[in-house]
A.B. asks: 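Sending over a structure as structure tokens; questions will come in a sec.
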Amino acid sequence: MVLSDRTIREQLLAGRIRLEPLDADDVQPSSVDLHLAARFQVFRSSRYPYIDPTMDQVGLMELVEATAEEPFVLHSGEFVLGSTVERLGLPDDIVARLEGKSSLGRLGLLIHSTAGYVDPGWNGTLTLELSNVANLPILLTPGMPIGQVSFMFMTTPVDRPYGSAGLGSRYQGQSEPTASRSHLG
């Protein structure tokens, strides 16, 4: 079941869900608003003729930083990686879902393609898969509300939370937009 605002606040207060920084006004009826960090991973299309998910393609992506004075411009049809300002930590019996904000979706901004699921045991910022499906560029300003995360209790605690030895958890502890590590197997 999806956690209500009351239960989210209880879990935050107990330290079971960790979300930092957190403004109490960001807790919504069944989710918590998240904000856009300043760094983006952008594809360097002139570096390789194609993307090979089985290879470590050094330099395929370039880290760029935006500011309030110079927001990031996401052009129509473009795909980049961003991340949340907030660092999220989950216990072994709670899973989370990342979703976009409907007001931004109505402008053509998608914040994830497939990475909307957050495993129990996760700790780190969330990488956003940002796509502009509108016909016009969209300005992305660091600190702007970008998405929301909802939480659900699991039937039992998991035996091996994300980050456990032997799981191959590739993104545990990330603190900025992290390019694909699919080449690691």
Side-chain angles (χ1 to χ4, degrees), residues 2-3 5 8 19-53 55 57-88 90 95-119 122 124-152 170-171 174-183:
V2 176
L3 276 57
D5 54 357
I8 291 170
L19 197 56
E20 297 171 354
L22 176 66
D23 183 327
D25 290 339
D26 289 332
V27 178
Q28 300 300 315
S30 61
S31 65
V32 178
D33 285 343
L34 301 173
H35 300 85
L36 183 64
R39 301 178 103 188
F40 299 86
Q41 288 277 3
V42 179
F43 283 99
R44 293 177 61 195
S45 58
S46 62
R47 182 75 189 225
Y48 293 96
Y50 53 82
I51 297 171
D52 183 346
M55 293 180 56
Q57 292 181 297
V58 177
L60 177 65
M61 298 191 90
E62 174 182 15
L63 193 63
V64 298
E65 192 159 347
T67 64
E69 297 76 29
E70 288 188 45
F72 186 86
V73 178
L74 186 63
H75 293 277
S76 182
E78 194 171 25
F79 174 87
V80 301
L81 300 177
S83 66
T84 59
V85 168
E86 294 83 3
R87 181 176 199 86
L88 174 64
L90 296 176
V95 65
R97 288 282 317 166
L98 171 67
E99 297 297 342
K101 297 199 63 68
S102 65
S103 56
L104 295 176
R106 294 167 196 223
L107 298 174
L109 180 64
L110 308 179
I111 71 160
H112 75 82
S113 303
T114 61
Y117 185 81
V118 187
D119 280 305
W122 170 263
T125 60
L126 300 175
T127 291
L128 306 170
E129 303 160 335
L130 300 165
S131 297
N132 178 356
V133 297
N135 292 329
L136 296 170
I138 300 173
L139 290 182
L140 300 178
T141 305
M144 70 184 279
I146 194 71
Q148 55 198 346
V149 63
S150 60
F151 305 94
M152 291 146 279
R170 299 178 187 134
Y171 306 102
Q174 70 185 17
S175 60
E176 59 183 27
T178 304
S180 174
R181 294 178 175 160
S182 63
H183 64 280

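One-based numbering along the sequence shown. Only this structure's heavy atoms are used, side chains among them; waters, hydrogens and symmetry mates stay out.
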A.B. asks: Is it the case that atom CD in Gln28 sees more than 12 heavy atoms from other parts of the structure closer than 6.0 Å?
C.D. replies: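 Yes - once you tally the heavy atoms of other residues, nucleotides and ligands closer than 6.0 Å, there are more than 12.
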
A.B. asks: With a cut-off of 6.0 Å (strictly less than), are more than 12 heavy atoms of other residues, nucleotides or ligands near CG of Asp23?
C.D. replies: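 Counting neighbours around CG of Asp23, more than 12 heavy atoms of other residues, nucleotides or ligands fall under 6.0 Å, so yes.
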
A.B. asks: Heavy atoms, side chains only, cut-off 4.5 Å: are Phe72 and Val80 in contact?
C.D. replies: yes

A.B. asks: Please test Ser175 against Arg87 for side chain to side chain contact (heavy atoms under 4.5 Å, CB included), starting from the C-alpha separation and ending with a verdict.
C.D. replies: CA-CA 8 Å; Ser175 60; Arg87 181 176 199 86; 4.1 Å; yes

A.B. asks: Gln41: which residues meet the side-chain hydrogen bond (donor to acceptor under 3.5 Å, both in side chains) condition with it, sequence neighbours left out?
C.D. replies: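 Gln41 satisfies side-chain hydrogen bond (donor to acceptor under 3.5 Å, both in side chains) with no residue once adjacent residues are dropped.
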
A.B. asks: Considering residues at least two apart in sequence or located in another chain, which fulfil the side-chain hydrogen bond (donor to acceptor under 3.5 Å, both in side chains) criterion with Ser150?
C.D. replies: none

A.B. asks: List the atom of Ser83, the atom of Thr125, and the distance in Å for their closest heavy-atom pair.
C.D. replies: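 Scanning both residues, the minimum pair turns out to be CB-OG1, 4.3 Å.
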
A.B. asks: Might you point out which heavy atoms bring Leu74 and Asn132 nearest each other, and give the distance in Å?
C.D. replies: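 Here Leu74 and Asn132 meet closest at O-ND2, 2.9 Å.
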
A.B. asks: Would you say Leu98 and Leu128 make side-chain contact, with heavy atoms under 4.5 Å?
C.D. replies: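 When only atoms from C-beta onward are counted, Leu128 and Leu98 do touch, with a gap below 4.5 Å.
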
A.B. asks: Any side-chain to backbone donor/acceptor pair from Ser131 onto Leu110? Under 3.5 Å, distance only.
C.D. replies: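 Checked: no pair found.
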
A.B. asks: Quick check: do Leu19 and Asp26 have side-chain heavy atoms less than 4.5 Å from each other?
C.D. replies: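 They are not in contact (no side-chain heavy atoms under 4.5 Å apart), so the answer is no.
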
A.B. asks: Quick one, Leu34 with Leu88, criterion side chain to side chain contact (heavy atoms under 4.5 Å, CB included). Give me CA distance, side-chain angles, the key distance, then yes/no.
C.D. replies: CA-CA 10 Å; Leu34 301 173; Leu88 174 64; over 6 Å; no

A.B. asks: Calculate, to the nearest 0.5 Å, the distance between atoms CG and CZ belonging to Leu63 and Phe40 respectively.
C.D. replies: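 Atom-to-atom, Leu63:CG and Phe40:CZ are 10.0 Å apart.
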
A.B. asks: Any side-chain heavy-atom pair from Leu60 and Arg47 closer than 4.5 angstrom?
C.D. replies: no

A.B. asks: So how far is it from Arg170 CZ to His183 NE2, rounded to the nearest 0.5 Å?
C.D. replies: 8.5 Å

A.B. asks: Has the side chain of Gln57 got a donor or acceptor atom that lies under 3.5 Å from a matching backbone atom of Tyr50?
C.D. replies: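 Looks like yes, one N/O pair under 3.5 Å.
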
A.B. asks: Please check this pair: side chain of Ser182 against backbone of Pro53, looking for a donor-acceptor N/O pair closer than 3.5 Å.
C.D. replies: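 Yes: the side chain of Ser182 pairs with the backbone of Pro53.
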
A.B. asks: Hey, is the main chain of Val58 close enough, under 3.5 Å, to the side chain of Tyr48 for a donor-acceptor pair?
C.D. replies: yes

A.B. asks: Please confirm whether the backbone N or O of Leu81 pairs with a side-chain atom of Glu129, one donor and one acceptor, at under 3.5 Å?
C.D. replies: no

A.B. asks: Where is the tightest heavy-atom contact between Pro177 and Arg39, given as atom of each residue plus distance?
C.D. replies: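 In terms of heavy atoms, the two residues are closest at CG-O, 3.2 Å.
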
A.B. asks: I'd like to know if the side chain of Tyr171 and the backbone of Arg181 have a donor-acceptor N/O pair within less than 3.5 Å.
C.D. replies: yes

A.B. asks: Can you tell if the side chain of Glu99 reaches within under 4.5 Å of the side chain of Ser31, non-hydrogen atoms only?
C.D. replies: no

A.B. asks: Between Val118 and Val95, is there a side-chain heavy-atom distance shorter than 4.5 Å?
C.D. replies: no

A.B. asks: May I ask you to check whether Thr127 and Gln174 show a side-chain donor-acceptor distance below 3.5 Å?
C.D. replies: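 A donor-acceptor contact under 3.5 Å links the two side chains.
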
A.B. asks: Sorted by first residue and then second, give each side-chain hydrogen bond (donor to acceptor under 3.5 Å, both in side chains) pair with at least one member in residues 103-119; sequence neighbours left out.
C.D. replies: none

A.B. asks: Write down the atom of Pro71, the atom of Ala66, and the distance for their closest heavy-atom approach.
C.D. replies: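 Scanning both residues completely, I find the closest heavy atoms to be C-CB, 4.0 Å.
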
A.B. asks: When rounded to the nearest 0.5 angstrom, what distance separates OG in Ser30 from CE in Met152?
C.D. replies: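 Nearest 0.5 Å value for the OG-CE distance: 10.0 Å.
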
A.B. asks: Check whether Thr178 reaches the backbone of Glu176 with its side chain - one donor and one acceptor, N or O, closer than 3.5 Å.
C.D. replies: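 Confirmed, Thr178 side chain pairs with Glu176 backbone.
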
A.B. asks: Could you check if a side-chain atom of Leu139 sits within less than 4.5 angstrom of a side-chain atom of Val73, using non-hydrogen atoms only?
C.D. replies: yes

A.B. asks: Search all heavy atoms of His75 against all heavy atoms of Pro137 and return the closest pair with its distance.
C.D. replies: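 Minimum heavy-atom separation between His75 and Pro137: ND1-CG, 3.9 Å.
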
A.B. asks: Starting at CD1 of Ile111, measure out to CG of Leu104 and round the result to the nearest 0.5 Å.
C.D. replies: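 Taking CD1 in Ile111 and CG in Leu104, the distance rounds to 8.5 Å.
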
A.B. asks: Looking only at atom types and distance, does a side-chain atom of Ser76 sit under 3.5 Å from a main-chain N or O of Ala134, one as donor and one as acceptor?
C.D. replies: yes

A.B. asks: Please tell me if the side chains of Ile146 and Leu109 come closer than 4.5 Å, counting only heavy atoms from C-beta onward.
C.D. replies: yes

